[in-house]
Each structure stands twice: as C-alpha cells, then as structure tokens.
2 protein chains.
Amino acid sequence: MTDSLALDGRGPLHEQIRRAVCAPIISGAWPPGRRVPSEHELMALFGASRMTVNRAMRTLADDGLIVRRRRTGSVVAAATGDRAVMSIGSIRATVEAGDQTYSYESLARRHARASDDSAGRFKIAAGTPLLNLSCRHFAGGRPTALEDHWINLAAVPEASDEPFDKTPPGEWLAARLPWPKSQYVVTALNAGAAMAKLLDLAPGTACLKIDRRSWRNGVPAAFVTTLYPGTGHALTGEVAPP
Amino acid sequence: MTDSLALDGRGPLHEQIRRAVCAPIISGAWPPGRRVPSEHELMALFGASRMTVNRAMRTLADDGLIVRRRRTGSVVAAATGDRAVMSIGSIRATVEAGDQTYSYESLARRHARASDDSAGRFKIAAGTPLLNLSCRHFAGGRPTALEDHWINLAAVPEASDEPFDKTPPGEWLAARLPWPKSQYVVTALNAGAAMAKLLDLAPGTACLKIDRRSWRNGVPAAFVTTLYPGTGHALTGEVAPP
DNA sequence: TGCGATTTGTACGTATGTATT
DNA sequence: CAATACATACGTACAAATCGC
C-alpha cells in the first residue's frame, strides 16, 4: 500500500507523477514527516527520467507539500496554517463584475509632509513630501468604498501632476507600479460619524478596513486605506493543493 | 536599452536569468503586453542552454509576470489585481507567537442534520449528519476568538468519537485533513449581545468574521466561522514579486 | 578527522510534439 | 503547408549537502 502509486495517463508525465505523489499526502495516508520516495525510486517506479521526476517533486516542494533535503531525502511537510490567496482586485473591477455601474468621486487632494498625521505609519524620513488623496467609489450610484491614499512623492513624483479627478488613484498607481511589493493588514472597525455619512450607513456599523503598504525598489511608495461596509463587501480567498 | 539585461553572478544561473528578465518588468520599463525575448534569444544573450532559460521563464509564468504562448512568444502580463497571500495559522499559534498563554474552552457540542440552522450554507444533502461545535479561545486569560464548527460526519466520521473538550476542533481537523481545498470569506460585523458577552466587548463592536469552507476529496468536510474582536486581531498578507 | 555513499540541485545537449500564425 | 516558439522528455554530468563509518 505504501507504494500503490499509479499514473492516470492524463496530461504530461510530470503532472501525472506530481498527482500520484500528491494523492497520499492530501489524503493523509502519508502523514507529515513521512519519507517520500527518492527520485531514483520514482524513476524506477514510473520509468521516467530523473529530470521529469525532479520537476514533479520540485513543484510539490514549491507548493509546500514536501520538504526536500539533500542526502536525507524528501518528507511530507508539516501542515502549518493555511496560506490563502486573496484576490484583491481594483474596486472598479469588483463593482463591474457584479454588473453594476461604477463611478468615482474625488473628495480631497492635498500635499503634506511625512511625520504629520497618519503619515507616521509610513516609515520614511520626516519631511518627505506626500500627496494625500481621499476618494469615494460608487456601485450603481450607492457608495461602496472609501479610500485614503498617501503617495510618497519622492518615489512617485509624477503623481504631483495628476489631478485624480477622473482617474481613481488606485488604478493610476497600479498602472505605474506594476507588481510592487505590498503588505496588507485587514481589520474591522466601527464607522465613525463622518465615515458613516459618506458610506450612507448608520454610525457604528462594522466596516472592513484594508491597509496596504507598497514599495517600489525597496522605497515606500504608497500607503492606502480602503474601507468597505462590512456587510456589503467580502474579501475572499482560496487554498487549493494543485 | 531594450536588451541591457545582465546577470549578476549570484546564485544559480536560472535564478539570475529570472531576475534579469524580472527587473524591467517590475520597474515598468517593459509595460504589459510588451514582448519578452524568446528562449532562443535569451540562450544567445546569456550563453545558457534552453532548459535553463526555459526554467527561468516558466517560473516567471507561474508567478504571473509573463504570459507564454506558442508561436507568438511571451509577453509581459497585465497587472490585474493583487493576489495577496494571507497566512491563516491556528489560533493557538497566533496567540503563542505573541508570547501569551493560550487556552481553550468548549462551549457546546451537539449533533445536527443538514438543512437545519446555519448548515444550509453547506451544500450537502439534507439529512446529512453534522457535528456542531462552539468554542472560545483565550490569550493570556482574555477571550480572543469565538469559533463555530460544522463538521460533516459523512466525510469525517471519526469526529463522532472525539469529545473536543481538550483539543480545539481546528487543530483536530488540521491534523486529519492536511491540505484540504478551502475557501475563505472575510467580512466585518457588529457583535450581537451574546457574542459581545463571550468576547468581553461592548455590544455592537466591529468584529472580523472569517468563514472557511473546506473539502476533502471533493466532499464538503467542515464549515467554520471564526470571530475576532476587530481591534484585537488582523489578517495580514503579502504580495512580493520574487 | 577524513572518506565514501546517498540524495537532491543545477546545467548541459538533444529530440520530438504541439499550438499558432 | 511551413515556420516559429513553447512544452515535454530523455540521458548525462558534476556539484553541494549530509549522513554513517
């Protein structure tokens, strides 16, 4: 039973091998710490070359299902916690995916300097010029999100010339900072009076708050807080052993 | 300038090639849609074999930075939204990571059947036996989370024999269902009276609610709702172009 | 301490298949 | 149909890490 590994004949060989080894792991038949057959054993088992077996095993290691070490071989990884992949798309995309018309309103645009107000969260030298933008997003005419952007003008100087009256800052930034390094912090908070009014909610309503810091080439580029009515928006994610 | 790609001499060759091609993409020098040099061109550029170049390009494609198509070649992918990886560890691990002592209390344990109460969210045949568990988690003696588990006994029959008075159901399930397919939905909600009392909060306090559905071999296995005080807990995630 | 054996990591060369223009 | 460029797969070789003797 320990070696009832079988190929299913569907798709590329390295995928079949990956699935064959994956199955007893996700079924629990091979508990964490159990040794996985070596590449040579799998070569003999399946009649495949080592490159092919190696690719299958490397993929499993990349996905975190096994841990590979030289000489000692590979073992099933300990299931720590989930690492869920949350898709955080643009607000426009989210709204339009729900077949509603999207619109946007700029609430404020002002220049500031670091170590002033909420910019302290940013970890940049005091005095660094920042651009602060507040805006509101609508789905079908109803407010659906508030956003507060702090853009580091030392890192993104072009932002100075942009009025942000038509283009939401999130989309503008995404176009200029493709694939930045980012950190997200998601919490819940009670809407204050001003926030509740802007979102058309009763004061105190629970809201989802998503803070995002992003860097460009190691330099802090933007700090964005997004607020959603708690009942009107959800962050969804998935974990799937491939 | 379009071909000022250079290796840095550090680490394996395929990593160097990946970094060399990654750099102009994340800097924005190569905008989405721009053609990436073909494998043959990169072979000639770097003097590497096609297998090595292929591995570098395949990794970039796996990470979503490029899209590969036969005949037409590879292009820089459009930056859609972020796909943040949120680590959702066990509550015990989270508490102990903050140097607090963890404890756990079982509040309820009862048998139920599907299409009864909140089990309807589950999409399983009516009448399927379920086990419902409520529990509370403490960090340093103070309540830090509430959990409500619905376990499908048709998928996880061993749960019937487990009292869950010492072992939190989350940990018990994690040990028996390693790497299940899971879906997460994160929302915010106002604490009701009972919830507020159990979490030692003022009624109405914003809480973070994490719903998790998990499947085992395609069969729904468990539905878990976790509630955290909104101010006392955060879900954090990261996006990093490797 | 050193040495050999095992196992994975990297890289090469080559060949053939497949999707697309 | 031909050309292009990626996809898969084989065989080989050497390097690096590590374990046991």
Side-chain angles (χ1 to χ4, degrees), chain A residues 2-3 5-22 25 30 32-78 242, chain B residues 2-3 5-22 25 30 32-78 242:
Chain A
T2 170
D3 283 295
L5 300 178
L7 304 183
D8 54 19
R10 284 177 306 164
L13 185 51
H14 66 89
E15 286 277 325
Q16 296 184 44
I17 295 174
R18 187 186 53 66
R19 278 197 299 274
V21 176
C22 189
I25 297 176
W30 291 358
R34 186 200 197 278
R35 227 186 128 223
V36 172
S38 74
E39 296 190 353
H40 270 102
E41 291 170 307
L42 293 170
M43 283 173 66
L45 238 173
F46 298 129
S49 78
R50 193 164 91 83
M51 282 301 296
T52 305
V53 170
N54 180 272
R55 178 165 172 188
M57 303 307 279
R58 193 174 58 232
T59 307
L60 285 176
D62 287 345
D63 291 340
L65 273 82
I66 65 175
V67 175
R68 316 198 71 192
R69 274 171 50 214
R70 292 175 179 168
R71 163 70 194 181
T72 43
S74 307
V75 296
V76 177
Chain B
T2 171
D3 284 295
L5 300 177
L7 304 181
D8 54 17
R10 285 178 305 165
L13 185 50
H14 64 90
E15 286 276 328
Q16 296 184 46
I17 295 175
R18 186 184 56 64
R19 278 195 300 273
V21 177
C22 190
I25 296 177
W30 292 357
R34 186 202 198 277
R35 240 201 110 211
V36 172
S38 74
E39 297 190 353
H40 270 102
E41 290 170 306
L42 293 170
M43 282 173 68
L45 238 173
F46 298 129
S49 77
R50 201 166 89 81
M51 282 298 297
T52 305
V53 171
N54 180 273
R55 179 164 172 188
M57 295 295 105
R58 194 174 57 232
T59 307
L60 286 177
D62 286 346
D63 291 342
L65 273 82
I66 65 174
V67 175
R68 316 197 73 192
R69 277 169 48 214
R70 296 178 201 211
R71 163 71 192 177
T72 44
S74 306
V75 296
V76 176

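Proteins come first, then strands; the chains are lettered A, B, ... in the order of their sequence lines, and each starts at number 1.
Partner of V53(B) under the side-chain contact (heavy atoms from CB on, under 4.5 Å) criterion, out of M43(B), R58(B), E41(B), H40(B): M43(B) alone.
A close approach under 4.0 Å does occur between a side-chain nitrogen or oxygen of R69(B) and OP1 or OP2 of dT21(C). OP1 or OP2 of dG9(C) lies within a sub-4.0 Å distance of a side-chain N or O belonging to R68(A).
Rounded to an integer number of Å, the gap from R55(A) CZ to dG9(C) P is 15 Å. We find that CG of D62(A) is positioned 10 Å from P of dT10(C), with the value rounded to whole Å. L42(B) places its CG atom 13 Å from the P atom of dC12(C), with the value rounded to the nearest Å. As a whole-Å value, the separation of R58(A) CZ from dT8(C) P is 13 Å. Remark: P of dT14(C) and CG of N54(B) are 17 Å apart, rounded to the nearest angstrom.
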Could you pull out all donor-acceptor pairs under 3.5 Å where a side-chain atom in residues 6-13 of chain A meets a protein atom, sequence neighbours excluded?
residue: D8(A); atom: OD1; partner: R10(A); partner atom: N; Å: 3.1
residue: D8(A); atom: OD1; partner: R19(A); partner atom: NH2; Å: 3.0
residue: D8(A); atom: OD2; partner: R19(A); partner atom: NE; Å: 3.0
residue: D8(A); atom: OD2; partner: R19(A); partner atom: NH2; Å: 3.2

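Projected onto DNA chain D by closest heavy-atom contact, M51(B) and S38(B) fall at different nucleotides, the more 5' of which corresponds to S38(B). Comparing R70(B) and V36(A) along DNA chain C, the residue whose closest nucleotide (by nearest heavy atom) sits nearer the 5' end is V36(A).
Looking at heavy atoms from C-beta onward, L45(B) lies out of side-chain contact with I17(B) at the 4.5 angstrom threshold. Using a 4.5 Å heavy-atom cutoff, the side chains of V21(B) and L42(B) are in contact. Residues R68(A) and N54(A) have side chains in contact (heavy-atom distance under 4.5 Å, counting atoms from C-beta outward).
Residues of residues 7-14 of chain A that place a heavy atom closer than 4.0 Å to DNA chain D, in numerical order, are P12(A), L13(A), H14(A).
Once you apply a 4.0 Å limit to the heavy atoms of chain B, the touched nucleotides of DNA chain D run 5' to 3' over dA3(D) to dA9(D).
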What do the steps show when you test H14(B) against T59(B) for side-chain contact (heavy atoms from CB on, under 4.5 Å), and what is the final call? CA-CA 9 Å; H14(B) 64 90; T59(B) 307; 5.5 Å; no
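For A20(A) against L5(A), the heavy-atom pair with the smallest separation is O-CD2, 3.3 Å. In plain terms, the two heavy atoms of P32(A) and A78(A) that are nearest each other are CB-CA, 3.8 Å.
Enclosure of atom CZ in R35(B) by more than 12 non-hydrogen atoms of other residues, nucleotides or ligands within 6.0 angstrom is indicated.
Scanning atom types as modelled, one donor and one acceptor separated by under 3.5 angstrom connect the side chain of R71(A) and the base of dA5(C). No hydrogens or angles were tested; on distance alone, a donor-acceptor pair under 3.5 Å links the side chain of R50(A) to the base of dG9(C).
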